[in-house]
Amino acid sequence: MRSHTGLRALVAPGYPLLLLCLLAATRPDPAEGDPTDPTLTSLPVREEMMAKYSNLSLKSCNISVTEKSNVSVEENVILEKPSHVELKCVYTATKDLNLMNVTWKKDDEPLETTGDFNTTKMGNTLTSQYRFIVFNSKQLGKYSCVFGEKELRGTFNIHVPKAHGKKKSLIAYVGDSTVLKCVCQDCLPLNWTWYMGNETAQVPIDAHSNEKYIINGSHANETRLKIKHLLEEDGGSYWCRATFQLGESEEQNELVVLSFLVPLKPFLAILAEVILLVAIILLCEVYTHKKKNDPDAGKEFEQIEQLKSDDSNGIENNVPRYRKTDSADQ
């Protein structure tokens with residue numbers, strides 16, 4: 001009876017409005033965000049998440065910063081899969097640290113201070129630690145600890161392993177075959193994919209439908225792309241992409257395909273110069289040899305020169321000469 005009486009009391013005149021207000025107050029507001037968001041999760045959900053990732057490995061990194069540091073101190077943190085990450089910055093100074101504060105930023109955006117941060121001061125050393133779980137690619141990036149008004153900082157660059165290819169362009173010839181190679185040191189990608197670049201985008205290479213390409217690798221941390229029956233249009237940029245649980249990494253390779261005439265051009269130019277020089281030498285030899293074997297040609301030339309000289313002398317002799325007389329004789 002008491003329970004029924006209490007129920008009637010809630011629906012009695014004047015109480016329906018109070019009941020509606022209570023229901024509205026307990027209803028979640030959609031504008032507050034997704035309740036599964038890690039930053040808004042309740043304590044039980046957060047504990048469930050921590051239990052789910054409790055078996056992950058721990059990646060711990062330290063950076064030392066001093067008051068004389070003029071540039072940011074950086075360290076790379078490489079992750080293949082979800083992991084616990086512990087970042088620690090140790091700041092050492094000669095002055096009092098009571099007024100020194102430290103803030104954490106991700107990609108230059110301030111991080112909210114939660115229970116994952118821990119800062120301690122001991123003597124002239126200030127230690128700040130940030131511990132969190134990296135479980136997707138959105139959490140990759142630059143994490144920085146910033147000290148004081150001078151903003152002395154240490155930066156942790158968290159990224160997936162990088163794939164490495166050949167730095168110099170690979171040169172091959174039309175009709176030949178060539179092999180492009182990519183390697184990921186000390187890592188095991190889940191998958192490798194090759195792309196060929198055109199003027200606008202990257203085009204995936206399907207080795208199953210095109211016999212021109214063969215993709216293989218002797219180890220999981222490397223991949224090879226073999227291209228057969230090369231044409232000049234096969235030259236260009238090729239990308240190998242390594243896929244990990246936390247993201248992707250790619251490397252560019254350059255292929256240059258030449259025709260066989262290209263390496264012959266310098267040789268042909270030299271050969272043409274040699275032929276021209278030999279021809280000039282032969283012409284000179286022929287002319288000299290002909291002149292030695294035909295002495296009459298030299299005599300005829302001398303006779304012609306002699307006749308020209310005689311003619312000129314005869315003309316001078318035929319010119320009348322006039323004698324000068326003194327004016328006194330006249």
Side-chain angles (χ1 to χ4, degrees), residues 52-53 55-63 72-88 106-107 131-144 154-172 176-198 200-228 230 234-257:
K52 179 180 179 181
Y53 295 107
N55 58 344
L56 299 180
S57 60
L58 174 63
K59 185 74 172 182
S60 181
C61 300
N62 301 331
I63 280 183
S72 175
V73 183
E74 298 191 7
E75 182 173 340
N76 291 321
V77 182
I78 301 175
L79 297 177
E80 290 186 49
K81 55 187 178 180
S83 305
H84 290 280
V85 177
E86 183 181 88
L87 307 179
K88 182 185 294 185
K106 179 183 183 298
D107 299 328
R131 184 167 181 171
F132 60 105
I133 300 174
V134 176
F135 53 86
N136 59 37
S137 59
K138 294 181 180 180
Q139 294 176 283
L140 302 177
K142 294 185 177 182
Y143 290 80
S144 302
T155 301
F156 301 89
N157 299 313
I158 303 179
H159 57 83
V160 296
K162 293 183 178 181
H164 299 279
K166 191 174 183 179
K167 295 182 179 180
K168 296 182 179 180
S169 299
L170 181 63
I171 299 176
D176 288 348
S177 299
T178 189
V179 177
L180 302 176
K181 180 181 177 181
C182 283
V183 178
C184 184
Q185 297 290 344
D186 302 325
C187 63
L188 296 175
L190 300 176
N191 186 38
W192 286 99
T193 310
W194 281 93
Y195 296 85
M196 181 178 181
N198 55 25
T200 58
Q202 296 179 357
V203 181
I205 296 176
D206 188 358
H208 298 288
S209 60
N210 194 337
E211 297 181 354
K212 184 181 182 69
Y213 304 102
I214 299 176
I215 299 177
N216 55 25
S218 56
H219 303 284
N221 67 331
E222 70 174 27
T223 179
R224 299 172 185 266
L225 172 65
K226 183 177 182 180
I227 309 174
K228 300 184 294 184
L230 286 171
D234 290 327
S237 299
Y238 291 82
W239 282 268
C240 60
R241 182 175 298 174
T243 303
F244 303 92
Q245 294 184 36
L246 292 176
E248 297 176 336
S249 174
E250 65 181 18
E251 176 70 0
Q252 181 178 353
N253 295 264
E254 289 292 333
L255 174 63
V256 179
V257 181

Inset, instruction - Output yes when a side-chain donor or acceptor of N221 lies under 3.5 Å from a complementary backbone atom of C184, and no otherwise. - result: yes
Inset, instruction - Go through the steps to decide whether E250 and Q252 satisfy the test side-chain hydrogen bond (donor to acceptor under 3.5 Å, both in side chains), and finish with yes or no. - result: CA-CA 7 Å; E250 65 181 18; Q252 181 178 353; over 6 Å; no
Legend entry - T193 OG1 to W239 CH2 distance, which is reported to the nearest 0.5 Å: 14.5 Å
Inset, instruction - Decide yes or no for R224 and E222: does some side-chain heavy atom of the first lie under 4.5 Å from some side-chain heavy atom of the second? - result: yes
Legend entry - Main-chain N/O of R241 paired with T243 side-chain donor or acceptor, under 3.5 Å: no
Legend entry - N76 vs H159 side-chain heavy atoms within contact, under 4.5 Å: yes
Legend entry - Polar side chain donor-acceptor pair, S60 to E86, under 3.5 angstrom: yes
Inset, instruction - Report yes if the side chains of D186 and I78 come closer than 4.5 Å at any heavy-atom pair, otherwise no. - result: no
Inset, instruction - Supply the atom-to-atom distance M196 CE to I227 CD1, rounded to the nearest 0.5 angstrom. - result: 7.0 Å
Inset, instruction - Considering non-hydrogen atoms only, spot the tightest contact between C240 and T223 and give its length. - result: CB-CG2, 4.4 Å
Inset, instruction - Hey, could you give me the OG/CD distance between S237 and Q202, rounded to the nearest 0.5 Å? - result: 9.0 Å
Inset, instruction - Begin from the C-alpha positions of L190 and Q245 and carry the test side chain to side chain contact (heavy atoms under 4.5 Å, CB included) through to its verdict. - result: CA-CA 8 Å; L190 300 176; Q245 294 184 36; 3.8 Å; yes
Legend entry - Shortest non-hydrogen separation from S169 to V256 and the atoms involved: CB-CG2, 4.1 Å
Inset, instruction - Would you check if W192 and I215 make a side-chain contact, meaning some heavy-atom pair closer than 4.5 Å? - result: no
Legend entry - Test item: K212 side-chain N/O and K228 main-chain N/O as donor-acceptor pair under 3.5 Å: yes
Legend entry - Shortest non-hydrogen contact from L188 toward A220: CD2-CB, 3.9 Å
Legend entry - Shortest non-hydrogen separation from K59 to V77 and the atoms involved: CG-CG1, 3.8 Å
Inset, instruction - Find out whether L255 and V257 are in side-chain contact, i.e. whether some heavy atom of one side chain is under 4.5 Å from a heavy atom of the other. - result: yes
Inset, instruction - Starting at OG1 of T178, measure out to CG of L170 and round the result to the nearest 0.5 Å. - result: 4.0 Å
Legend entry - Atom pair CG (D176) and CD1 (I171), whose distance is rounded to the nearest 0.5 Å: 13.0 Å
Inset, instruction - Indicate yes or no for a side-chain donor-acceptor contact from S249 to the backbone of P161 under 3.5 Å, with no hydrogens or angles considered. - result: yes
Inset, instruction - Mark yes when over 12 heavy atoms from residues, nucleotides or ligands other than K106 sit less than 6.0 Å from its NZ; otherwise mark no. - result: yes
Inset, instruction - Taking the side chain as every heavy atom from C-beta outward, state whether T155 and S144 have any pair of such atoms under 4.5 Å apart. - result: yes
Legend entry - Any side-chain heavy-atom pair of I205 and N210 under 4.5 Å: no
Legend entry - Sequence-distant partners of Q139, side-chain contact (heavy atoms from CB on, under 4.5 Å), two or more places apart: F132, V134, F135, N136, Y143
Inset, instruction - Could you tell me whether the side chain of N253 reaches within less than 4.5 Å of the side chain of C182, counting heavy atoms only? - result: yes
Legend entry - Euclidean distance, S57 OG relative to H84 NE2, rounded to 0.5 Å: 8.0 Å
Legend entry - K226/N216 under side chain to side chain contact (heavy atoms under 4.5 Å, CB included): CA gap, chis, key distance, verdict: CA-CA 8 Å; K226 183 177 182 180; N216 55 25; over 6 Å; no
